[in-house]
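Below is one structure, written out as structure tokens; the observations come after it.
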Amino acid sequence: MMAASILFYAFTTTSFAILVATLSYVFFSFVIASLSRTENNVSLLTNLVTMPLLLSSSAFYSLNNAPAFIQAINRWNPFQWLIDGLRSAFDLAWADYFANMGLISLAAIAALVLALKTFRYAEV
């Protein structure tokens, strides 16, 4: 029974982490989309910004032997905060989990504020 409750808490917390990270990514995409002059360039700009962030996180491979500049980028990488938060939830390291969720929440709030500031409404 205890194992089931531990798994329930781990899956519940990871669901929350994924929800907050998704909102952060959506708001960040709105900011990037507002920088684009045409609708055709939106996906290009979004991928140009997010792919290096995703690939410089430890989601796919260990970064222990990565160059120093990749490790420096990794400290400020929201994707890495998500990965660390998910790993902390499954390790039941709640202090690390809440620290990473706080960072992701701050990134989501900052992205929302930027998205609201840069939003341009135009009737077509």
Side-chain angles (χ1 to χ4, degrees):
M1 184 67 177
M2 185 170 173
S5 65
I6 289 173
L7 283 176
F8 173 76
Y9 286 120
F11 285 120
T12 304
T13 55
T14 56
S15 298
F16 175 72
I18 291 171
L19 176 69
V20 172
T22 301
L23 287 174
S24 177
Y25 179 73
V26 167
F27 297 149
F28 189 60
S29 296
F30 286 158
V31 172
I32 294 171
S34 70
L35 299 175
S36 176
R37 299 275 184 226
T38 64
E39 189 176 333
N40 297 336
N41 294 336
V42 171
S43 64
L44 176 73
L45 286 174
T46 303
N47 287 332
L48 188 67
V49 172
T50 57
M51 279 304 182
L53 289 174
L54 179 63
L55 294 174
S56 68
S57 71
S58 65
F60 302 117
Y61 43 81
S62 173
L63 296 176
N64 291 336
N65 296 326
F69 75 95
I70 296 291
Q71 292 180 0
I73 292 170
N74 195 30
R75 285 188 205 102
W76 299 99
N77 188 347
F79 284 106
Q80 186 60 43
W81 300 337
L82 172 64
I83 298 302
D84 290 342
L86 294 174
R87 288 178 181 156
S88 300
F90 281 110
D91 289 341
L92 303 177
W94 299 116
D96 291 339
Y97 170 78
F98 287 117
N100 286 304
M101 287 303 95
L103 289 171
I104 292 174
S105 298
L106 287 175
I109 291 168
L112 175 62
V113 169
L114 281 173
L116 291 173
K117 292 281 186 189
T118 60
F119 181 75
R120 290 173 287 169
Y121 179 76
E123 282 191 39
V124 178

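Cluster annotation: Leu82 and Leu92 are assigned to the same hydrophobic cluster (Ile/Leu/Val/Met/Phe/Trp/Tyr, side-chain heavy-atom contacts under 4.5 Å, transitive). Put simply, Met51 and Leu44 are part of two different groups of oily side chains (I, L, V, M, F, W, Y) that touch within less than 4.5 Å, one to the next. By the rule that hydrophobic residues join a cluster once side-chain heavy atoms approach within less than 4.5 Å of another member, Phe60 and Tyr25 end up as members of one cluster. Under the 4.5 Å side-chain heavy-atom criterion for Ile, Leu, Val, Met, Phe, Trp and Tyr, Ile18 and Trp81 are members of the same hydrophobic cluster.
Minimum interatomic distance between Val31 and Ala115 (heavy atoms only, all atoms of both residues): CG2-N, 3.3 Å. Between Leu53 and Val49, the closest heavy-atom pair is CG-O, 3.6 Å. Taking each heavy atom of Ala107 and Ser24 in turn, the nearest pair found is C-OG, 3.8 Å.
The hydrophobic cluster containing Phe27 also includes Leu23, Val26, Phe30, Leu112, Leu116, under a criterion of side-chain heavy atoms closer than 4.5 Å among ILVMFWY residues, counted directly or through chains of members.
In this structure, the side chain of Ser57 engages the main chain of Leu54 through a donor-acceptor pair within 3.5 Å.
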For residues 65-74, tabulate all N or O donor-acceptor pairs below 3.5 Å that involve a side-chain atom, not counting sequence neighbours.
residue : atom : partner : partner atom : Å
Gln71   : NE2  : Leu63   : O            : 2.8
Gln71   : NE2  : Asn64   : O            : 3.2
Gln71   : NE2  : Ala66   : O            : 3.3

Can I get a per-line list of side-chain donor-acceptor pairs under 3.5 Å for residues 96-104, giving both atom names and the distance, sequence neighbours left out?
residue : atom : partner : partner atom : Å
Tyr97   : OH   : Thr13   : O            : 2.7
Asn100  : ND2  : Asp96   : O            : 2.9

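Atom CG of Asp91 is separated from atom CG of Leu86 by 11.0 Å, given to the nearest 0.5 angstrom. In this structure, Ile32 CD1 and Leu45 CG are separated by 7.5 Å, a value rounded to the nearest 0.5 Å. In this structure, CG on Leu19 lies 11.5 Å from OG1 on Thr14, to the nearest 0.5 angstrom.
The 12-atom threshold is exceeded at CZ of Phe79, counting heavy atoms of other residues, nucleotides or ligands nearer than 6.0 Å.
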